[in-house]
Novice: 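Starting off with a structure, shown below.
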Amino acid sequence: TSTVKGHAGCLLIGRCFGIPTIAQSGRFHFYEGYDMKQVTFPIRVFGELGVQTLLIASAVGGIHEDYYAGDVAVITDHINLNHENPLSGANEERWGPRFPDMSEPYDLQLISQCHDIARSQGIVLHNAVYAGLPGPNLETKAEYRYLNTIGATVVGMSTVSEVIVARHMDIKVCVLTAITNKCFPIDAIHKTTHDDVIRVAGKAEKKISAIAEQLISNLI
């Protein structure tokens with residue numbers, strides 16, 4: 001059960017385009033009081049069940065001058081600014097190595113397919129670098145400026161730890177995200193509520209779903 005508004009907190013198991021599929025509607029967050037091993041526990045379960053490809057949808061703030069609320073992006077890299085790593089502690093060798101390589105956490109072929117699909121459907125799809133923070137507060141103007149300076153183009157409070165665990169288990173990863181508020185340049189920032197985030201994410205949902213559905217069908 002997720003405690004965050006907008007997260008249904010249910011698990012769907014079935015087939016999508018004939019492919020055995022598990023869909024997790026909602027997720028756990030570090031800021032809800034869970035540790036990172038609890039946050040990423042569903043990914044461990046998926047790996048044990050034989051999941052080979054993980055498709056994540058999320059909502060982020062845009063910290064690039066060309067990103068606007070309602071745009072969508074595919075994540076190409078991330079900067080982990082969480083102060084707890086889900087791989088800390090004893091390593092389970094059957095899951096993955098002690099020091100997993102993270103030079104290419106997001107599958108390049110899946111990213112390319114996302115762009116092909118987006119172009120064919122007339123959807124503008126950005127490439128984005130995700131800065132992962134623990135939350136739950138939104139960032140200050142100085143923090144947005146800092147994140148932009150170090151190379152991030154979107155910022156969020158989830159996803160990164162799940163990606164780390166998925167790659168530890170050699171699961172391919174693709175992340176599509178809705179840009180729900182414009183956070184750069186600094187003078188473009190307006191006060192944002194969680195209801196604002198949900199509303200804009202809902203508008204971007206159709207674009208993400210259209211790309212995701214075609215992407216899944218390509219896995220056949």
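Values reported hereafter were calculated over all heavy atoms of this structure, with side chains retained and with hydrogens, waters and symmetry mates removed.
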Novice: For atom NZ of K172, is the number of surrounding heavy atoms from other residues, nucleotides or ligands below 6.0 Å larger than 12?
Specialist: no
Novice: Please determine whether the number of non-hydrogen atoms from other residues, nucleotides or ligands lying under 6.0 Å from atom CD of Q121 exceeds 12.
Specialist: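 Buried by this count: over 12 neighbours within 6.0 Å.
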Novice: Taking side chain to side chain donor-acceptor pair (under 3.5 Å) as the definition, give me every residue that meets it alongside N127, ordered by chain and number, with sequence neighbours left out.
Specialist: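 Here the qualifying residues are H115.
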Novice: Tell me whether R119 contacts the main-chain N or O of I123 through its side chain, where contact means a donor paired with an acceptor under 3.5 Å.
Specialist: no
Novice: Among P86, C174, P105, which one satisfies side-chain contact (heavy atoms from CB on, under 4.5 Å) with V163?
Specialist: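 The single option meeting the side-chain contact (heavy atoms from CB on, under 4.5 Å) with V163 is P105.
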Novice: When rounded to the nearest 0.5 angstrom, what is the spacing between CG in D107 and OG1 in T53?
Specialist: 7.5 Å
Novice: Quick one: do the D195 and T193 side chains pair a donor with an acceptor below 3.5 Å?
Specialist: no
Novice: Treating H78 as the side-chain partner and N80 as the backbone partner, does any N or O pair qualify as donor plus acceptor under 3.5 Å?
Specialist: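 It does not hold such a pair.
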Novice: Using modelled atom types only, decide if a donor and an acceptor are shared between the side chain of N82 and the backbone of E84 within a distance under 3.5 Å.
Specialist: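 Absent.
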Novice: Measure the spacing between CE of M157 and CG of L81 and express it to the nearest 0.5 Å.
Specialist: 12.5 Å
Novice: With rounding to the nearest 0.5 angstrom, report the CG to CG distance, L215 to L110.
Specialist: 5.5 Å
Novice: For residues N91 and H168, is any side-chain donor paired with an opposing acceptor at under 3.5 Å?
Specialist: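 Yes, H168 and N91 have a side-chain donor paired with an acceptor closer than 3.5 Å.
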Novice: Is a side-chain donor or acceptor of S209 paired with a backbone partner of E205 at a separation under 3.5 angstrom?
Specialist: yes
Novice: Answer whether the closest heavy-atom distance between the side chains of D77 and Y130 falls below 4.5 Å.
Specialist: no
Novice: For C16, which of I22, L219, T21 qualifies under side-chain contact (heavy atoms from CB on, under 4.5 Å)?
Specialist: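 Answer after filtering I22, L219, T21: T21.
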Novice: Is there side-chain contact between C114 and L176, with heavy atoms separated by less than 4.5 Å?
Specialist: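 Of all side-chain heavy-atom pairs linking L176 with C114, at least one is under 4.5 Å.
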Novice: With a cut-off of 6.0 Å (strictly less than), are more than 12 heavy atoms of other residues, nucleotides or ligands near CD of Q214?
Specialist: yes
Novice: Side chain to side chain donor-acceptor pair (under 3.5 Å) with E143: which residues, sequence neighbours excluded?
Specialist: T140
Novice: Do you know which two heavy atoms are closest between T153 and A128, and how far apart they sit?
Specialist: OG1-CA, 3.2 Å
Novice: Output all residues satisfying side-chain contact (heavy atoms from CB on, under 4.5 Å) with A188, sequence neighbours left out; order by chain, then residue number.
Specialist: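 A188 satisfies side-chain contact (heavy atoms from CB on, under 4.5 Å) with K182, P185 once adjacent residues are dropped.
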Novice: Does some side-chain heavy atom of M169 sit less than 4.5 Å from a side-chain heavy atom of F46?
Specialist: no
Novice: Would you please say whether a donor-acceptor pair under 3.5 Å links the side chains of S88 and N85?
Specialist: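 There is no such pair (donor and acceptor under 3.5 Å, judged by atom type) between the side chains of S88 and N85.
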Novice: Would you call R94 and E48 a salt bridge, taking side-chain N to carboxylate O under 4.0 Å as the test?
Specialist: yes
Novice: Can you tell me how far the OH atom of Y34 sits from the NE2 atom of H29, to the nearest 0.5 Å?
Specialist: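 Those atoms lie 10.5 Å apart.
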Novice: Looking at I63 and C183, what are the two nearest heavy atoms and their distance?
Specialist: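 Looking at all heavy atoms of both residues, the closest pair is CG2-CB, 3.7 Å.
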Novice: For the pair E213 (side chain) and A210 (backbone), establish whether a donor and an acceptor sit closer than 3.5 Å, ignoring hydrogens and angles.
Specialist: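 No: the side chain of E213 does not pair with the backbone of A210.
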Novice: What's the separation between atom CG in L133 and atom CD1 in I79, rounded to the nearest 0.5 Å?
Specialist: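 Atom-to-atom, L133:CG and I79:CD1 are 10.0 Å apart.
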Novice: Does the side chain of D71 come under 3.5 Å of the side chain of H126 through a donor N or O and an acceptor N or O?
Specialist: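 Yes.
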Novice: Would you say the side-chain atoms of S58 and S158 include a donor-acceptor pair closer than 3.5 Å?
Specialist: no
Novice: Would you say that more than 12 heavy atoms from the other residues, nucleotides or ligands in this model lie under 6.0 Å from the CD of E93, or not?
Specialist: yes
Novice: Once rounded to the nearest 0.5 Å, what's the spacing between atom CD1 of I216 and atom CD of Q113?
Specialist: 11.5 Å
